[in-house]
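Just below is one structure, and these are the notes that go with it.
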Amino acid sequence: MKLKTPYYLIDEKKLLKNLKIIKKIKDVSGAKAVLALKCFSTWSVFELMKQYLDGTTSSSLYEAHLGYEKFGKEVHAYSVAYSKQEIEQVREFADKIIFNSISQLKMFAGLTSKVSVGIRVNPQISYSNFDLADPAREFSRLGVIKKKALQEISHLLKGLMFHFNCENDNFPNFCLNLDYISSKYGKLLTAVEWVSLGGGFYFTKAGYPVEKFAEKLKEFSQRFRVQVYLEPGESAITRAGQLVTTVLDIVRNKRDIAIVDASIEAHMLDLLVYRISAKIEPQIKKTYKYVIAGRSCLAGDIFGCYGFPQKLKIGSIIKFADAAGYTMVKKNWFNGLQMPSIAVKRLNGTIDLVQKSEYKDFVNSLS
Ligand SMILES: *Cc1c(COP(=O)(O)O)cnc(C)c1O
């Protein structure tokens, strides 16, 4: 099938590679893994993912609903803040509700007696290369800091959640931080049934000591007799997707600039937020340099600067790599640009076009 660009292409074979790493971690450590939907919610590949993952975790009522409806298995529900109406609905979907504060936990204690309740802790340590994504940044609202206050409500808790990493590929750093948490919160950890260590582990990066990581989790789990959970987002889908685009025009302003039929602002927004370039598959010979730019009218709508083995032409195909996480969940209708379709390359090689947007979707996104 010849697909019309722009489109996101998810490759199940590449996805499977990550899922098998997660399975190995689970098998060795006894930990469970739930997909963080805020990173990736493209439910057309959930059939495959749910064979390897234990369920989903969410950041809102709608994500919890999606996890329940499209993924099944365990549904963990977290939100920075719930309204009462949301709690009344989310408790119908969720096995576990993780509150962000003691006030929310107390406020809704009467409504959550049938679910396993946990709370998010801010251990005041973290690993993140970006202040924007650092859960323990100054004045952070994410999780409870006061240990004494946590101990006072420990009888209301079945679990604890520590999400303190962002793309952490540094295993020794993780060990130090986990040891710190173990010694600081030992009493609380012994009192609960489950502990989620959140997401942000970059165990799908080449060379990551997967086995040692799993052993470390196992040790922690046995020491405190808790079920450990991981909440992989990015590491579940690393390198499993591409954004495929076509060059529409080439202009020159000191540099050659190729303009593609997509936009970093609208279709890979996370990169713009963190000011990093999109990746393209490594080229061996890089003779011809181009800036690859998006077609929104934002001056800084630039994917990056790359070398290519031959000159680009109108109609050349440009594929941005690693375009599965924090892309489709953040796409927007800025400039009314054509929305990329979503296609899935199945394990058997067939390609399914699973979503195609039209003018009416743009209209319906507004009123
Ligand atoms: C964002 C988030 C995740 C997933 O993080 P990744 O870096 O994509 O692995 C997991 N848990 C919580 C609570 C989060 O906020």
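Just follow the structure's listing: the first ligand is 1, and inside any ligand the first atom is 1. Just so it is clear, the model here is predicted, and its values are computed rather than measured.
- Taking distance alone, with nitrogen or oxygen atoms compared against 3.5 Å, Gly198 stays at or beyond that limit from ligand 1.
- For atom 9 (O) of ligand 1, the nearest non-hydrogen atom of the protein is Gly200 N, 2.8 Å.
- Residue contact check: His163 has heavy atoms under 4.0 Å from atoms 1 (C), 2 (C), 3 (C), 5 (O), 10 (C), 11 (N), 12 (C), 13 (C), 14 (C), 15 (O) of ligand 1.
- Among the atoms of Phe201, none of the N or O lies under 3.5 angstrom from an N or O of ligand 1.
- Of the protein's non-hydrogen atoms, Lys38 NZ, 2.8 Å is the one closest to atom 14 (C) of ligand 1.
- Checked by atom type and distance alone, the side chain of Gln104 pairs as donor or acceptor with a backbone atom of Tyr82 at under 3.5 Å.
- Below 3.5 Å of separation, one finds an N or O of Glu234 facing an N or O of ligand 1.
- Of the protein's non-hydrogen atoms, Tyr326 OH, 3.5 Å is the one closest to atom 5 (O) of ligand 1.
- Salt-bridge check for Lys96 with Glu74: passed, with a basic side-chain N closer than 4.0 Å to an acidic carboxylate O.
- Pairs of residues two or more places apart, or lying in two chains, that qualify as side-chain hydrogen bond (donor to acceptor under 3.5 Å, both in side chains) and include a residue from residues 239-250 are Thr5-Thr246, Gln242-Glu281.
- Any N or O atom pair closer than 3.5 Å counts here, and Glu231 shares at least one such pair with ligand 1.
- Comment: Arg346 engages Asp352 in a salt bridge, judged by a side-chain N to carboxylate O separation of less than 4.0 angstrom.
- A salt bridge is absent between Glu167 and Lys205; no separation between the charged side-chain nitrogens and carboxylate oxygens falls under 4.0 Å.
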(request) Would you sort out whether Ser263 and Asp301 count as a side-chain hydrogen bond (donor to acceptor under 3.5 Å, both in side chains), showing the intermediate values? (result) CA-CA 6 Å; Ser263 155; Asp301 192 340; 2.7 Å; yes
(message) For Asp256 and Lys311: C-alpha separation, side-chain torsions, deciding distance, then whether salt bridge (Lys or Arg N to Asp or Glu O under 4.0 Å) applies.
(response) CA-CA 10 Å; Asp256 289 316; Lys311 277 195 166 177; over 6 Å; no
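- Residue contact annotation: Glu167 has no non-hydrogen atom under 4.0 Å from ligand 1.
- If you number the atoms of ligand 1 from 1 as listed, the ones under 4.0 Å from a heavy atom of Ala36 come out as 3 (C), 4 (C), 10 (C).
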